[in-house]
Structures are given as structure tokens and as C-alpha cells.
Amino acid sequence: MKVAIYNNNVSRSVAVAKQIRSLLKQKSAGQITFDADYPDIVLSIGGDGTLLSAFHHYRKQLASIRFIGIHTGHLGFYADWQHTEIPALVDSLLADNGEEVDYPLLAGRIHFRDGREKRVLALNEAVIKRQLGTLSAAVYINGQLFERFRGDGLVVSTPTGSTAYNKSVGGAVVHPTLETMQMAEIASINNRVFRTLGSPIVLSKDDTVRVVNDSRARDVSFHYDNLNILSHDIAWMEFKVAPQKIQFAQYRHMNFWKRIEMSFIGPEGN
Ligand code: NAP
Ligand code: MN
């Protein structure tokens, strides 16, 4: 089994990376090797943001890689192993039987006015918004005009991304076994010209959402996970639940609702 270690440069992450390397060398008797280019397992050490970077770094190899997230800050959603659990994690790696769980991703197509097109894959979400003025866009679902949006922007998220930006704009938390995407508004203006639903929608895996940008403003930006495109040239973008998924090595069962409760409510809430 080939392992890659992908860590942020916080000193605790660097120390954890070193600890894992030496434990694996000591205990694995050559059964586990390190390969940063073509790994079977990627150990992301840092926060959820680090896992997003690791995902984009290895996005072309999603079918053959399983990820593991270790957090060195606060409890993460993707980064759900604590840095104090490293010996147990190393033992799980040595006893690996290919255990995995997979989560849906979002596929996006961004079409520019000059005819260029960029395809992206997102683990958390895709966002279109304007930096200064309001964004004006027409939203189509499966080719039919659904609404005319005016406001700060729109967020289209995956189930595991539902606890990130989506949640901040009032979207629902979605269990990651559901193959869906959710669209939520960021500060929509509602009047006689622009009328939107006003609530988040959860779409099926066969639905396509197209957002057609009406303005030539220079400050329209497109964000996906921790990556950004700033352009005055975006004509439209289209979103679907992706055919690919991300796989995580699942050595122990982590109850999703327990993790939500621990992250957002905590012991004081009970
Ligand atoms: P960041 O600014 O450090 O991330 C913002 C926060 O979101 C961090 O606390 C991050 O956790 C957390 N996070 C990331 N993915 C999450 C998930 N799936 N569920 C719950 N929390 C999550 O930037 P970043 O670390 O590169 O992360 C990029 C993400 O930031 C974007 O994908 C977007 O979801 C989010 N974001 C949120 C807002 C908002 O809520 N208003 C605005 C912009 C971007 P860690 O500290 O563990 O990294
Ligand atoms: Mn972060």
C-alpha cells in the first residue's frame, strides 16, 4: 500500500506528519511505502481546508485514492481523526482491508463569453457572486427558466459541503449518503422584476442548474472550494451532481449527526 502525506505548514501538522512517517517505517516492515505521486491513501493533516487542497491536488486520481483527514486545529468534518489518535490510525492502516465510504461531488461547467469553457469538480460548493454591485442572473433548471436572481450571489453545495458556506447562508445540513446538490441564495433582492423562491432547494441527481450571468460587470467571481476565478467574462455556468465521488478510508464508524452535534452545538447545548 502506498501512502502520501499532505499537510499544511502549521507546526503541529508538521510534527504529526513526522510522527506518522516514523511510526509507519518502524511498524510496517515495508508493507506500506510512501508515494506522493500515485498513492492509494492520502493522509491530509491540518483542517478541512487542507483536505480541500489535497482533494484538488489529487483530483485526477479520485477513483484509486482513499482520503483520511487528521485535524490539528478544531474538529473538522473531513478531518475527523484527532492528532492524539495517531498510533490507533497507524494500526488501522496496517490492518487495512480497503474499507471505504464515498461522498457525492459537484460538477461545474463554466462558459466564458469568448467560447472558452472550464470544467471543475467541487467537494464543498461552487459560488457565483459579485464583489461590489449586485449580481443579476437567470436560473434555469433542466432547461426551463426557474427564476431571475438579483442579489449578492448563489451557492451550490454538495452534501458534505452543506455544513460550510451553505450553512452560513441558511441552507440545510444534508446527510452525505444522499446524492443531491443544494442551491442557496446569498441576500436576494425581491421585487416585481426579480423574484426568487427565497428558500434553499435540494435537487435530484438528474437535475441540471444553469445560471446565466446578465451583467458584464468586471467584479463577478466564481469560487469553488478554496479556489477562485475572477472574471468579467463569465457567460453562464451549469451544475450537476458529479459522476465521480470522493472516497474516504473508513476504519471506524463516525455517526454523522453526532459529528454535527459535536461541531455546532457542543456539550453546553445539552
Ligand atoms: P477558510 O476561510 O479557512 O474556511 C472557512 C471555514 O470553513 C473554516 O473554519 C473551515 O475549516 C471550514 N470548512 C471547510 N469545509 C467545511 C465543511 N465541509 N464543513 C464545515 N466547515 C468547513 O477557507 P478554507 O479552509 O480554504 O475553506 C474553504 C471553504 O470556506 C469554502 O469551501 C467555503 O465552504 C468556506 N467559506 C465559507 C464562507 C462563509 O461561511 N461565509 C465564506 C467563504 C468560504 P478549517 O478551519 O478546518 O479549514
Ligand atoms: Mn481553513
Side-chain angles (χ1 to χ4, degrees), residues 6-14 16-17 42-59 67-83 101-108 110 120-131 135 151-178 180-188 200 202 219-230 237 239 241-242 245-248 254-266:
Y6 191 101
N7 60 276
N8 65 11
N9 50 26
V10 172
S11 61
R12 186 184 270 169
S13 303
V14 175
V16 167
V42 171
L43 295 165
S44 161
I45 308 169
D48 283 332
T50 317
L51 196 122
L52 292 173
S53 304
F55 165 78
H56 286 284
H57 184 85
Y58 290 105
R59 69 183 177 279
F67 291 84
I68 294 174
I70 301 153
H71 69 86
T72 52
H74 53 89
L75 173 73
F77 285 85
Y78 302 115
D80 59 3
W81 285 81
Q82 297 179 35
H83 63 92
V101 58
D102 47 38
Y103 300 137
L105 298 169
L106 182 74
I110 303 138
V120 300
L121 207 55
L123 175 55
N124 268 353
E125 77 284 288
V127 180
I128 175 164
K129 61 180 174 182
R130 261 187 77 184
Q131 305 296 312
L135 174 78
D152 284 8
L154 290 163
V155 179
V156 183
S157 69
T158 64
T160 54
S162 69
T163 48
Y165 206 160
N166 169 72
K167 189 170 183 299
S168 305
V169 297
V173 173
V174 176
H175 197 284
T177 51
L178 299 171
T180 62
M181 59 179 174
Q182 174 171 194
M183 183 174 75
E185 302 175 351
I186 315 173
S188 62
V202 176
D219 59 339
V220 173
S221 61
F222 178 82
H223 309 256
Y224 58 112
D225 299 342
N226 52 344
L227 304 168
N228 313 295
I229 297 172
L230 186 61
M237 63 237 86
F239 306 107
V241 174
K245 288 193 161 193
I246 182 173
Q247 310 179 72
F248 283 82
M254 174 58 114
N255 183 297
F256 178 73
W257 298 117
K258 182 72 198 160
R259 187 160 44 178
I260 296 298
E261 184 258 313
M262 279 160 63
S263 298
F264 291 110
I265 302 166

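Keep in mind that the numbers below use all heavy atoms, side chains included, and drop hydrogens, waters and symmetry copies. Numbering of ligands and ligand atoms starts at 1, following listing order.
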Those residues with a heavy-atom separation under 4.0 Å from ligand 1 are Gly47, Asp48, Gly49, Leu52, His74, Phe77, Tyr78, Asn124, Glu125, Thr160, Thr163, Ala164, Tyr165, Ser168, Asp225, Asn226
**Request:** Please confirm whether Tyr224 and Tyr165 have ring centers closer than 6.0 angstrom.
**Result:** no
For this session: Please lay out, stage by stage, how Leu123 and Leu105 fare under the test side chain to side chain contact (heavy atoms under 4.5 Å, CB included).
Result: CA-CA 5 Å; Leu123 175 55; Leu105 298 169; 3.7 Å; yes
The side chain to side chain donor-acceptor pair (under 3.5 Å) partners of His57 (sequence neighbours excluded) come to none
Report task. Check the angle between the aromatic planes of Phe248 and Tyr78 and answer parallel, tilted or perpendicular using the 30° and 60° thresholds. Result -> parallel
Mark yes when over 12 heavy atoms from residues, nucleotides or ligands other than Asn255 sit less than 6.0 Å from its CG; otherwise mark no.
yes
Query - Heavy-atom neighbours of Lys245 NZ exceed 12 at 6.0 Å - result: yes
